[in-house]
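There's a structure below that I have some questions on.
Given the structure is predicted, the values throughout are model-derived calculations rather than measurements. Below, all heavy atoms of this structure are taken into account, side chains as well, without hydrogens, waters or symmetry copies. Naming: A, B, ... by sequence-line order, numbering from 1 per chain.
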2 protein chains.
Amino acid sequence: MPSRRKQQAKDTATVIDFAQRGAVHTADDHSTAVTIGLNAAIVAVSDEVPQVTVVRRPGERSSGDADAPDDSDGLPFGPFEPAQHRTLELGLRTWVDEQTGLTLGYTEQLYTFGDRGRHAADGDHSPQVVSIGYLALTDETDLASGTDTVWQPWYQYFPWEDWRSGEPDLIRSVIHPLLKKWSKEAPDRAGQRQRWDRACQCFGFETSRWDEEKVLERYELLYEAGLVFEAQRDRPHLHADKIDMVRPPLGAPMIHDHRRILATAMGRLRGKLKYRPVVFELMPAAFTLLELQRTVEAISGVRIHKQNFRRLLEKGGLVESTGEVSTKTGGRPAALFRFRREVLRERPAPGVKLPSRGPRIKSP
Amino acid sequence: MPSRRKQQAKDTATVIDFAQRGAVHTADDHSTAVTIGLNAAIVAVSDEVPQVTVVRRPGERSSGDADAPDDSDGLPFGPFEPAQHRTLELGLRTWVDEQTGLTLGYTEQLYTFGDRGRHAADGDHSPQVVSIGYLALTDETDLASGTDTVWQPWYQYFPWEDWRSGEPDLIRSVIHPLLKKWSKEAPDRAGQRQRWDRACQCFGFETSRWDEEKVLERYELLYEAGLVFEAQRDRPHLHADKIDMVRPPLGAPMIHDHRRILATAMGRLRGKLKYRPVVFELMPAAFTLLELQRTVEAISGVRIHKQNFRRLLEKGGLVESTGEVSTKTGGRPAALFRFRREVLRERPAPGVKLPSRGPRIKSP
DNA sequence: ACTATATATACTCAATATGAGCATAAGGAG
DNA sequence: CTCCTTATGCTCATATTGAGTATATATAGT
């Protein structure tokens with residue numbers, strides 16, 4: 001025990017020394033040098049379809065179809081160059097502009113991932129990449145030509161996340177049985193129960209309800225269960241017995257941990273909708289209330305009650321009429337609205353609340 | 001315009017090349033090498049006082065008093081060593097144990113900060129440190145001896161955040177007038193209004209209400225207004241005219257951006273309380289309901305309604321009686337409760353809800 | 001012009017959640 | 001045994017929420 005104390009004191013001294021040097025390592029101190037990758041999930045919604053920018057790499061496509069998603073696709077990303085960019089977010093904005101031609105409006109840092117083995121498929125010992133994920137919203141849908149960046153519907157990567165027409169068939173027919181099987185493969189009784197409990201909570205089986213915000217939890221579960229392509233790619237030895245599975249198993253894959261970052265982005269955006277007026281970043285200047293509702297539904301993946309949605313908008317003072325109407329809607333013309341930017345000064349948490357967790361609206 | 005397009009395509013190609021190399025730079029590629037610092041705000045609550053572990057550096061103290069907070073104090077932190085730690089969180093846990101003797105239970109990543117100038121006081125060009133902040137909770141209050149780590153009350157660093165006995169005098173007497181002054185110093189009319197609106201929203205002036213979660217927003221505002229020590233330390237040229245101000249101006253300072261990380265931790269914890277049962281990480285195995293309430297109040301900094309608090313606990317099934325009672329309370333003996341871990345499997349968001357944003361309870 | 005069929009918008013109603021308070025119970029100190 | 005203190009049970013008005021009905025106003029087709 002005395003030796004342990006001594007050890008502690010020594011290690012502490014090391015760290016304090018690190019601190020006193022101003023937290024700065026000299027350039028030739030390789031031991032802690034790490035490359036930082038900035039990753040952006042850039043989201044737009046067009047025609048009730050949430051889209052995300054994806055960089056395609058034509059050289060190494062596994063499918064012949066140039067439009068089909070491919071496991072060499074990924075989010076736009078690039079390195080953080082401290083010498084040129086004062087802050088992380090400025091670095092991100094700069095090269096997103098260069099790469100896609102988009103000028104980012106709303107951006108938000110999501111999470112910093114540093115797992116080894118999520119990036120490098122072959123467990124090498126090359127310098128680690130720590131990736132910082134960002135969410136960015138835009139209402140532009142034009143990408144600079146001459147790039148390999150394209151918009152892709154985000155539900156292509158997460159087909160189980162779109163509940164707008166009720167529970168996706170995929171869940172009952174594929175996910176439910178495979179997760180049941182995975183639960184039974186746990187070594188002991190407690191582990192089996194734990195796995196199944198988790199599956200229920202994630203996907204709303206049995207007594208649990210679907211929670212549209214748990215996008216990341218669901219993806220991580222599928223990853224651990226070896227049901228997404230990336231799991232088999234990263235840890236082929238663990239999933240050797242599942243080699244017969246259809247490829248891509250569930251949803252379209254992405255390089256590295258990009259699908260995980262996209263999952264984080266989706267979950268965060270779905271949550272943020274409810275207490276911040278972020279939807280309007282995805283809308284044109286003027287819109288009908290139904291268009292706004294459809295955008296919210298597209299992102300959250302669930303249907304919401306029309307009249308109550310309007311009531312909340314009114315009470316929150318989130319929108320104001322422009323006086324004009326749109327006749328493109330089919331039936332009675334809809335009044336056009338604009339976002340009332342003033343609410344940002346007035347109310348503390350002006351979101352577009354979704355139904356909390358009660359039963360959901362049936363699809364139309 | 002054509003040249004712009006060409007430029008874009010070229011830059012894109014560069015990034016794609018980066019991507020195709022597997023997002024891995026060779027060891028001698030110094031341009032993007034960055035040191036990653038892992039920072040932990042480790043929180044415990046004892047006797048209704050939220051405490052945070054602070055590392056003191058005796059060598060360079062500005063005050064003679066060894067117990068007084070000092071601008072050479074900071075959160076425990078250390079470098080991320082990719083070679084030794086598989087994930088960021090494992091790295092954090094390892095050296096927090098070594099440094100403080102604490103074994104972290106609940107931990108949560110907060111945010112990744114990368115601002116130059118927040119770390120390096122003298123705007124040097126040494127390699128950048130990107131710091132990843134973590135929040136960790138514990139119910140142990142023993143620190144390993146032989147270290148320079150001590151517990152400090154967190155309201156020492158944020159005296160304006162404790163509203164348990166009503167609005168702190170500091171706000172009306174110091175913060176309000178100084179922010180008013182700062183608002184008037186804006187170059188134009190719109191800027192003045194913008195500054196004051198922000199101050200009102202942050203501190204609940206005029207029509208706004210106090211929102212206990214906006215800890216970071218408030219600290220950032222005070223930083224920008226030059227009212228905290230760190231602002232004057234980092235950018236002395238901007239605050240030359242305020243040289244006469246008392247030092248430390250508002251709250252105790254910390255090294256680097258550690259007070260910002262602590263602010264992030266406080267805000268996140270205050271928010272998390274409401275929808276996750278994290279308080280119990282700070283409680284002993286058995287506790288009375290008032291002890292639990294006092295802990296919630298200590299963290300959130302506001303008083304809550306006793307009977308309603310109990311009603312929520314019951315309805316949520318968060319606790320169960322142990323059958324025993326505690327007579328240490330003064331009046332009628334209080335039943336002892338324990339946390340019902342099962343709720344984690346049952347309910348989706350079992351938090352300890354605080355009053356949302358209505359008027360608050362008067363202090364007792 | 002009339003009808004069917006869209007959607008838009010206004011209003012109602014029950015169930016539940018929330019904020020605030022009163023009333024009673026059960027210990028200890030004097 | 002009286003007072004003080006905290007615990008715990010219960011009530012009540014109000015706000016919020018989920019869900020539905022009723023009416024308005026356009027277009028398309030006959």
Separation of atom CG in Leu313(B) from atom C1' in dT8(D), rounded to whole Å: 13 Å

Aromatic Trp210(B) / basic Arg303(B) pairing, under 6.0 angstrom, 45° off normal: no

Whole-Å gap separating P (dT8(D)) and CG (Leu290(B)): 10 Å

Whether over 12 other heavy atoms sit under 6.0 Å from Glu320(A) CD: yes

Selected nucleotide, minimal atom distance to Lys306(A) side chain, candidates dT18(C), dT17(D), dA8(C): dA8(C)

Between P of dT17(D) and NZ of Lys274(A), the distance in whole Å: 13 Å

Enclosure of Glu167(A) CD (heavy-atom neighbours >12, cutoff 6.0 Å): yes

Integer-rounded Å distance: dA15(C) C1' and Asn308(A) CG: 13 Å

Closest contact, heavy atoms only, Asp162(B) versus Pro168(B): O-CG, 3.3 Å

Separation of dG20(D) P from Phe309(A) CZ (nearest whole Å): 19 Å

Presence of donor-acceptor pair under 3.5 Å, side chain of Gln307(A) and base of dT21(D): yes

No-H, no-angle donor-acceptor pair, Arg311(B) side chain to dG9(D) base, under 3.5 Å: no

Atom of Leu170(A), atom of Leu250(A) and distance for their closest heavy-atom approach: CD1-CD2, 3.9 Å

Nearest-Å distance for atom pair NE2/P, residues His305(A) and dA8(C): 14 Å

Gap between atoms CG and P, on Leu292(B) and dA7(D) respectively (whole Å): 12 Å

Salt-bridge criterion met for Arg198(B) and Glu217(B) (N-O under 4.0 Å): no

Contact letters for nucleotides 24-30 of chain D, in which S counts primed atoms plus P, OP1 and OP2 and B counts the base, heavy atoms under 4.0 Å: BBBS---

Rounded distance in Å - CG (Leu289(B)) to P (dT8(D)): 6 Å

side-chain contact (heavy atoms from CB on, under 4.5 Å) assessment of Thr53(A) paired with Val150(A): CA-CA 5 Å; Thr53(A) 53; Val150(A) 295; over 6 Å; no

